[in-house]
Amino acid sequence: MTNAIEIQQLSKQYKTKVALHPLTLSIPEGQLFGLLGVNGAGKTTLIKILTGLLKPSSGTAHILGHSLSKEDSAIHSIIAVSPQETAIAPNLTVRENLLLMARIHGFSKLQATAKVDEMIAQFSLEPFEKERGKTLSGGWQRKLSISMALILEPRILFLDEPTLGLDIISRQELWTMIQKLKGSTTIVLTTHYLEEAVELCDRICILKDGYMKAVGTVDELIDQSKQSTFKDAFVHFVTGGES
Amino acid sequence: MRSYIFAGRVTKEVLRDPISLFFGIVFPIILLLLLNTINRNVPKNLFSIDVLTPGIAVFSLSFIALFAAQTLSKDRTSAYLARLLTTPMTATDFILGYSIPLAAIAFIQSIICFITAYFMGFTITLHILLALICLLFASFIFIGIGLICGILLSEKAAVGLCGALLTNLTALLSGAWFDLSLIGGTFEKIAYILPFVHIVDLVRALLANDYSATLPHLYIVIVYTVIIYGLAIFFFRRQTIED
């Protein structure tokens with residue numbers, strides 16, 4: 001299996017604070033990879049670096065063979081990001097928001113319209129498709145935000161806290177959708193929710209204060225921590241225990 | 001193509017905001033009507049419509065800076081810009097996408113201003129075409145200021161700076177309402193260091209068919225446009241990828 005993402009000694013340091021200590025990691029193609037950690041662990045920093053929004057202080061990364069530092073335009077045509085914030089155009093309707101994303105990514109008008117219809121149906125956005133983004137509730141805005149990433153049919157999808165603010169039903173629906181993408185799309189997902197990581201992720205990386213504390217499948221992490229549950233394993237790693 | 005698609009989105013964002021529309025299109029007309037009414041009811045000719053109209057046309061451009069600042073800072077703070085920065089859009093696509101609709105709105109705004117003034121006795125000649133081209137060119141000074149504020153400041157600060165400070169500076173230091181030589185001294189010197197009065201003097205000279213009077217204002221407006229718009233591009237490129 002080839003690696004979709006290869007990270008070598010990637011780090012990020014601000015003037016006095018280290019947001020990410022040198023990290024080496026590889027994520028195979030088609031895998032759903034979870035970044036788990038408490039606030040300030042470095043999850044979003046890593047995603048920002050991998051999506052070209054933040055310059056690393058040191059290290060290298062390759063996205064499907066493309067160098068992060070030299071081939072950002074090639075990378076941007078194969079990735080999609082759903083940021084932690086509900087990043088939508090407030091005065092555009094649901095349909096217009098989706099259409100804009102598809103058109104920017106190079107879909108023809110016809111293809112884009114078909115993709116928009118598909119996303120609207122998939123996310124049950126029909127009742128709101130003519131409503132402006134700013135008038136939607138927080139949960140629907142998040143759904144729209146995620147569908148704006150999925151419409152692009154990316155080879156690598158970055159989901160930063162995708163279920164934040166979603167009710168239990170919407171969360172379950174989104175989990176089903178994410179699971180359907182498994183295998184065909186490489187997904188990097190950050191989350192605070194342990195059950196989400198357990199339910200969805202093939203492998204999980206636990207970060208704390210910018211350090212990678214452990215990486216592996218749920219069972220491997222439980223074994224490494226010598227605990228009996230994943231929750232105990234997580235607590236073990238984020239409270240100072242080593243693998 | 002991408003800049004054209006993005007320009008469509010910016011146009012919708014601005015035109016669907018009723019407050020922006022009021023300040024951009026309706027407010028300058030109200031101002032023109034008000035000052036013309038005052039002029040008719042005072043014994044001294046305070047605001048001749050032929051002198052006042054170019055001033056109002058330039059003052060109206062300051063609201064374009066507000067639109068630019070508001071749209072860009074909103075996109076930035078809501079992470080919508082971050083989302084778009086992970087797409088194949090280039091910095092040029094963004095700059096053009098933000099600028100083209102605002103320049104078009106500025107052009108329409110100037111036309112409406114001249115048409116309104118015509119019904120109040122403003123003399124329309126062919127020279128108005130040159131004045132319109134000049135106003136369109138000068139609008140890039142205001143778009144540039146708006147983009148700089150939008151990319152560097154929070155939404156509140158950007159809107160405050162462009163909505164309050166810039167509009168007042170343009171009103172007071174452009175000679176739109178009164179002859180700056182009436183105050184003279186340091187006030188007049190400062191006014192002539194800034195571009196606003198030069199735009200007004202240039203437009204007035206063009207409308208009066210006095211081409212010799214267009215200099216040195218034309219050169220100063222060109223230099224300011226190149227510097228400010230150049231700075232906007234520089235700051236946009238620098239700020240969009242975090243160090």
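By convention in this document, chain letters (A, B, ...) are assigned in the order of the sequence lines, proteins followed by strands, and residues within each chain are numbered from 1. Note that these values count all heavy atoms, side chains included, but never hydrogens, waters or copies made by symmetry.
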Toward chain B, the part of A:Ser145 with a non-hydrogen atom under 4.5 Å
both

If you round to the nearest 0.5 Å, how far is CG of A:Asn91 from NZ of B:Lys74?
6.0 Å

For each of A:Ala80, A:Pro56, A:Pro90, tally heavy-atom pairs with chain B at distances under 4.5 Å, and name the one with the top tally.
A:Pro90

How many angstroms lie between atom CG of A:Leu50 and atom OG1 of B:Thr86, to the nearest 0.5 angstrom?
12.0 Å

Can you tell which part of B:Leu84 gets under 4.5 Å to a heavy atom of chain A, answering side chain, backbone, both or neither?
side chain

Pair A:Val81, B:Arg83 - check side-chain contact (heavy atoms from CB on, under 4.5 Å), show working.
CA-CA 6 Å; A:Val81 185; B:Arg83 176 195 279 277; 5.8 Å; no

Contact class of A:Ala149 relative to chain B, heavy atoms under 4.5 angstrom
both

Restricting to non-hydrogen atoms, name the atom on A:His76 and the atom on B:Leu85 that form the minimum distance, rounded to 0.1 Å.
CE1-O, 3.1 Å

Residues of residues 140-150 of chain B under 4.5 Å from chain A (heavy atom pairs)?
none

Count the heavy atoms belonging to other residues, nucleotides or ligands that lie under 6.0 Å from OH of A:Tyr193, then report whether that count exceeds 12.
yes

Chain A-proximal positions within residues 91-118 of chain B [heavy-atom distance under 4.5 Å]
none

Closest non-hydrogen atom pair, B:Ala79 against A:Glu85:
CB-OE1, 3.3 Å

Cut-off 4.5 Å, heavy atoms of chain B, and the answer for A:Ile88 is backbone

Where A:Leu53 and B:Ala82 come nearest, the two heavy atoms and their spacing
CD2-O, 3.6 Å

Among all residues two or more places apart in sequence or in another chain, which pass the salt bridge (Lys or Arg N to Asp or Glu O under 4.0 Å) test with B:Arg204?
none

Spacing of B:Ser78 atom OG and A:Lys134 atom NZ [to the nearest 0.5 Å]
13.0 Å

Here the gap from B:Thr87 atom OG1 to A:Met148 atom CE, rounded to the nearest 0.5 Å, amounts to 10.5 Å

Specify the closest pair of heavy atoms between B:Glu13 and A:Leu92, including all atoms of both residues, with the distance to one decimal.
OE2-N, 3.9 Å

Which portion of A:Met101 sits near chain B, non-hydrogen atoms under 4.5 angstrom:
side chain

Going by salt bridge (charged side-chain N to carboxylate O under 4.0 Å, His left out), name the pairs with one or both residues in residues 93-122 of chain A, residues two or more places apart or in two chains.
A:Arg95-A:Asp117, A:Arg95-A:Glu129, A:Glu96-B:Lys12, A:Glu96-B:Arg16, A:Lys115-A:Glu118, A:Lys115-A:Glu153

Please check if the number of heavy atoms outside A:Tyr211 that lie under 6.0 Å from its OH is greater than 12.
no

Are more than 12 heavy atoms, taken from residues, nucleotides or ligands other than A:Leu110, located less than 6.0 Å from that residue's CG atom?
no

